[in-house]
J.: 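I'd like to ask some things about the structure below.
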Amino acid sequence: MSEIILNTEGLCVNYGKNNILKNIDASFEKNKITAIIGPSGCGKSTFLKSLNKTVEEYGGQISGSIILDNKNINDMPLERLRNSIGMVFQSPVVFPFSIYKNMTYAPIYYGEKNKDRLNNIVVDNLKKANLYEEVKDDLNMPASRLSGGQQQRLVIARCLTVNPEIILLDEPCSALDIKNTSYIEKMLLELKNEYSIIIVTHNLAQAKRIADCVMYMEEGTLVETGSPDEIFNNPVDARTKEYIMYMNN
């Protein structure tokens, strides 16, 4: 049995009187890639954003329990929670600085002052994101001048600079071409050796390629969880089967 790093118990999210997530019980395994799939508007992104309380910044109210390493996240300082569970959004948001300053922003904020250690953080994490060879001679270039795919890899590399346990990714490849999508997928498969990864994707082929576990959501509920083979080839729930058939037609 793999180690469970994160789980939810009776998780609900409301926006005012609108109940978006309904009593979700889910478990996420350490050093695995979990893909969350389902129709648009079913609550996938809300679920993802609830796991490090980002959803509260959009006006959502969370109830139920979210447990990280056997600790309720409500008992953790928000800063520590966001360090432990990093978030990468659909559209890359680079800071209006150089590539180097993007990469050192968080470590400096949290007190790192040693130049050699900062340089190592930059190099090591750009390498993890398979970006270093492309930018090593241009680290002082504004990050905004990178291509969309490079910016997305930079944002993931920047997320790694605070040593998170879990990386949340909300459709990180939806705006990328096949080549850049391939770069991101290759990177995620390598990163799972060090991190646990939870990705929302509308791309079922992507989930098949990279996920160890797939969760199917519909109308704010978690319908079914299983291996890619189970979910895509032999789903238990009729709703999952109908969705897979619809998406494959």
Side-chain angles (χ1 to χ4, degrees), residues 2 4-13 15 19-55 58 60 62 64-68 73 85-91 152 156 159 164-176 181 184-185 187-189 191-192 195-233 235-237 239-244 246-248:
S2 297
I4 301 299
I5 190 170
L6 182 73
N7 62 286
T8 68
E9 299 169 359
L11 176 66
C12 298
V13 172
Y15 283 91
N19 186 205
I20 308 300
L21 297 184
K22 304 161 188 173
N23 293 309
I24 292 184
D25 297 331
S27 296
F28 299 92
E29 295 182 355
K30 189 172 183 177
N31 298 116
K32 303 288 187 184
I33 297 176
T34 302
I36 303 172
I37 64 170
S40 296
C42 72
K44 302 185 299 294
S45 293
T46 298
F47 182 31
L48 196 73
K49 292 172 185 172
S50 71
L51 298 177
N52 71 349
K53 293 189 171 183
T54 301
V55 75
Y58 296 83
I62 300 172
S65 300
I66 301 171
I67 311 297
L68 172 65
I73 66 170
I85 306 179
M87 181 96 195
V88 175
F89 294 96
Q90 181 173 350
S91 298
Q152 191 65 290
I156 295 172
C159 174
E165 296 180 73
I166 298 172
I167 308 169
L168 309 176
L169 302 110
D170 191 4
E171 300 197 21
C173 301
S174 64
L176 303 183
T181 295
I184 298 284
E185 291 180 1
M187 172 181 54
L188 295 179
L189 288 168
L191 288 177
K192 77 173 184 177
Y195 310 93
S196 305
I197 297 169
I198 305 171
I199 180 171
V200 164
T201 181
H202 66 280
N203 185 333
L204 299 192
Q206 180 175 75
K208 289 179 187 178
R209 286 192 296 266
I210 69 172
D212 300 290
C213 174
V214 178
M215 295 181 172
Y216 174 66
M217 290 185 64
E218 189 172 299
E219 296 183 344
T221 64
L222 178 57
V223 173
E224 189 170 350
T225 300
S227 68
D229 182 59
E230 290 168 335
I231 295 297
F232 293 116
N233 297 324
V236 173
D237 195 285
R239 291 169 292 178
T240 313
K241 186 174 183 178
E242 183 177 345
Y243 176 75
I244 299 299
Y246 171 78
M247 292 297 288
N248 286 334

J.: How far does CD1 of Ile36 sit from NZ of Lys44, to the nearest 0.5 angstrom?
T.: 9.0 Å
J.: Judged by atom type as modelled, is there a donor-acceptor pair below 3.5 Å linking the side chain of Glu185 to the main-chain atoms of Ile210?
T.: no
J.: Would you indicate whether the side-chain heavy atoms of Leu169 and Val200 approach each other to under 4.5 Å?
T.: no
J.: Looking only at the side chains, is there a donor atom on one of Asn52 and Thr54 sitting less than 3.5 Å from an acceptor on the other?
T.: yes
J.: Measuring only between side-chain heavy atoms, which start at C-beta, is Ile231 closer than 4.5 Å to Tyr243?
T.: no
J.: Kindly indicate whether the side chain of Glu224, heavy atoms from C-beta on, has any atom under 4.5 Å from the side chain of Pro235.
T.: yes
J.: Is there a side-chain contact (heavy atoms from CB on, under 4.5 Å) between Glu230 and Val236? Walk through the geometry before answering.
T.: CA-CA 8 Å; Glu230 290 168 335; Val236 173; over 6 Å; no
J.: Can you establish whether the number of heavy atoms outside Glu219 located under 6.0 Å from its atom CD is more than 12?
T.: no
J.: Exactly one of Ile33, Leu6, Ile167 should register a side chain to side chain contact (heavy atoms under 4.5 Å, CB included) with Ile198. Which one does?
T.: Leu6
J.: Once rounded to the nearest 0.5 Å, what's the spacing between atom CG of Leu51 and atom OG1 of Thr8?
T.: 7.0 Å
J.: For residues Ala26 and Phe47, report the shortest heavy-atom separation together with the two atoms involved.
T.: CB-CZ, 4.0 Å
J.: Hey, what do you get for CD1 (Ile5) to OG (Ser27), rounding to the nearest 0.5 Å?
T.: 12.0 Å
J.: Please confirm whether the backbone N or O of Pro172 pairs with a side-chain atom of Gln152, one donor and one acceptor, at under 3.5 Å?
T.: yes
J.: If you apply the rule side-chain contact (heavy atoms from CB on, under 4.5 Å), what do you find for Ser174 with His202, and how did you get there?
T.: CA-CA 8 Å; Ser174 64; His202 66 280; 3.6 Å; yes
J.: Looking at Leu21, is its backbone amide N or carbonyl O close enough to the side chain of Asn19 to form a donor-acceptor pair, meaning the two atoms are under 3.5 Å apart?
T.: yes
J.: So, the side chain of Asn31 versus the backbone of Ser196: is there a donor-acceptor pair under 3.5 Å, distance only?
T.: no
J.: Would Thr201 and Ile37 count as a side-chain contact (heavy atoms from CB on, under 4.5 Å) if you check the C-alpha gap in whole Å, the side-chain angles of each, and the deciding distance to 0.1 Å?
T.: CA-CA 6 Å; Thr201 181; Ile37 64 170; 4.1 Å; yes
J.: How long is the gap from NZ on Lys241 to CZ on Phe232, to the nearest 0.5 Å?
T.: 15.5 Å
J.: Could you go through Val13 and Tyr15, starting from their C-alpha distance and side-chain angles, then the distance that decides it, and tell me whether this counts as side-chain contact (heavy atoms from CB on, under 4.5 Å)?
T.: CA-CA 7 Å; Val13 172; Tyr15 283 91; 4.2 Å; yes
J.: Please name the pair of heavy atoms, one in Pro39 and one in Met217, separated by the smallest distance, quoted to 0.1 Å.
T.: CD-O, 3.3 Å
J.: How many angstroms lie between CD1 in Ile73 and OG in Ser50, if you round to the nearest 0.5 Å?
T.: 7.5 Å
J.: Would you say the side-chain atoms of Glu171 pair up with the backbone N or O of Ser91, donor to acceptor, closer than 3.5 Å?
T.: no
J.: Measuring from Ile4:CD1 to Lys30:NZ, what's the distance to the nearest 0.5 Å?
T.: 11.5 Å
J.: Is the NZ atom of Lys208 crowded by more than 12 outside heavy atoms at less than 6.0 Å?
T.: yes
J.: Of all heavy-atom pairs between Pro164 and Gly86, which one has the smallest distance, and what is that distance?
T.: CB-N, 4.1 Å
